[in-house]
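In what follows, a structure is listed as structure tokens, so that the remarks can point back to it.
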There are 2 protein chains.
Amino acid sequence: MSSLAEPITCCAPLDQAVLSAEEAEATAELFKALGDPARVRIVNCLATAGEPVCICDLNGPLGLAQPTVSHHMKKLVDAGLVEREQRGKWAYFSLKRDAVATLAAVADLKGVCC
Amino acid sequence: MSSLAEPITCCAPLDQAVLSAEEAEATAELFKALGDPARVRIVNCLATAGEPVCICDLNGPLGLAQPTVSHHMKKLVDAGLVEREQRGKWAYFSLKRDAVATLAAVADLKGVCC
DNA sequence: GACACGTATCGACGTTCGTCGATATATTGA
DNA sequence: TCAATATATCGACGAACGTCGATACGTGTC
């Protein structure tokens, strides 16, 4: 209810000394955003597209009603994983790659990579 | 319902060409496992401990009833993120680091690191 | 074998979530 | 200004989830 806008900045690596209740909640919120098949596919579409995608191009392939897709987009935006851009009467969405990278870093124990 | 035992092996990077419905569901299932503050803190404990942890040491700090903790452990085991080991009448749990690493890799677009 | 103790399962409850039809809002074009 | 179209919001419904008390199962101890 408080800072859904950017939980990205307040979550910490899973192997950090001790997670505060707030950090745990923020981290969970982030993972929960990708805890639905529809949202996973949406993020997948945005990731492969590489450029902003019109929401109207997502309604069909997902097999979901228009309000449902809109609902999922709002969740992703609230989680800070996706950015919304208005172009005329169309809504374009793009992936916030640094946010997804943060998510990956959270799950990455000990930074084994590199 | 089908292969909850190891969704790890059947999920794919978010920027893969096109995610099948099964892959999307498996990926979502994996993220959902970390979509609860209690489970985030459990995984955090296991990650920092570095060695198997007795579930009896988790009941207190989490502030949850014993059946609830047991319930969360089962979810983590089902997701393939955690391993259970019986030592006498105690149950020890340890993090499956490769599984968590897979999770991180899924979220890691394009393998920018390295 | 009987008991104590740690853990898992069961059943129930309230809350949250995903979904959709109906409707409201906003932007474009005539 | 008015109609058409794209998107968001609202309200409702069923399903899934987190939580806990009561209870069953296993293991070690006497």
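Throughout, a chain's letter reflects where its sequence line sits, starting with A, and its residues are numbered from 1.
No contact: B:Tyr92 has no heavy atom under 4.0 Å from any strand.
Using a 4.0 Å cut-off, some side-chain N or O of B:Arg39 falls inside it from OP1 or OP2 of D:dG18. An OP1 or OP2 oxygen of D:dC17 is reached within less than 4.0 angstrom by no side-chain nitrogen or oxygen of B:His72. Contact check, B:Ser70 against C:dA8: a side-chain N or O comes under 4.0 Å of OP1 or OP2. Dashed line: the shortest gap from a side-chain N or O of B:Thr68 to OP1 or OP2 of D:dC20 is under 4.0 Å.
You'll find that the side chain of B:Ala38 is closest to D:dT19, out of D:dT7, D:dT19, D:dC20. When distances run from any side-chain atom of A:Lys89 to the nucleotides D:dA6, D:dG18, D:dT19, the shortest one goes to D:dA6. Listed nucleotides D:dT19, C:dG18, C:dG6 differ in distance to A:His71; the shortest reach to its side chain belongs to C:dG18. In this structure, of C:dG18, D:dA8, C:dT7, it is C:dG18 that holds the atom nearest to the side chain of A:Asp36.
In terms of heavy atoms, A:Ala38 sits closest to A:Leu64 at CB-CD1, 3.8 Å. The two residues B:Ala99 and B:Gly80 come nearest to each other via the heavy atoms CB-O, 3.3 Å. Taking both residues in full, the closest heavy atoms of B:Leu34 and B:Arg39 are given as CD2-O, 4.3 Å, listed atom of the first, atom of the second, then distance.
Atoms CD1 (A:Ile55) and P (C:dA26) sit 17 Å apart, rounded to a whole Å. A:Leu64 places its CG atom 11 Å from the P atom of C:dG21, with the value rounded to the nearest Å. Atom CZ in A:Arg84 sits roughly 12 Å away from atom P in C:dA26 (whole-Å rounding). A straight line from CZ of B:Arg87 to P of C:dT7 spans 12 Å, rounded to a whole angstrom. For the pair B:Gln86 CD and D:dG28 P, the computed distance is 8 Å after rounding to whole Å. For the pair B:Ile42 CD1 and D:dT19 C1', the interatomic distance rounds to 13 Å; values are reported in whole Å. Taking atom NZ of B:Lys74 as the reference point, atom P of C:dG6 lies 23 Å away to the nearest angstrom. Across the protein-nucleic acid pair, B:Lys32 atom NZ and D:dC17 atom P stand 5 Å apart, rounded to whole Å.
Between B:Leu46 atom CG and B:Tyr92 atom OH the span is 12.5 Å, to the nearest 0.5 Å.
Map A:Gly63 and A:Gly88 each onto its nearest nucleotide of DNA chain C; the residue landing nearer the 5' end is A:Gly63. Place B:Lys75 and B:Pro67 on DNA chain D by their nearest nucleotides, and B:Lys75 ends up nearer the 5' end.
Judged by distance alone with a 3.5 Å cut-off, no donor-acceptor contact links the side chain of A:Gln66 to the base of D:dA6.
Contact annotation: the side chain of A:Val82 approaches that of A:Met73 to within less than 4.5 Å [non-hydrogen atoms, C-beta and beyond].
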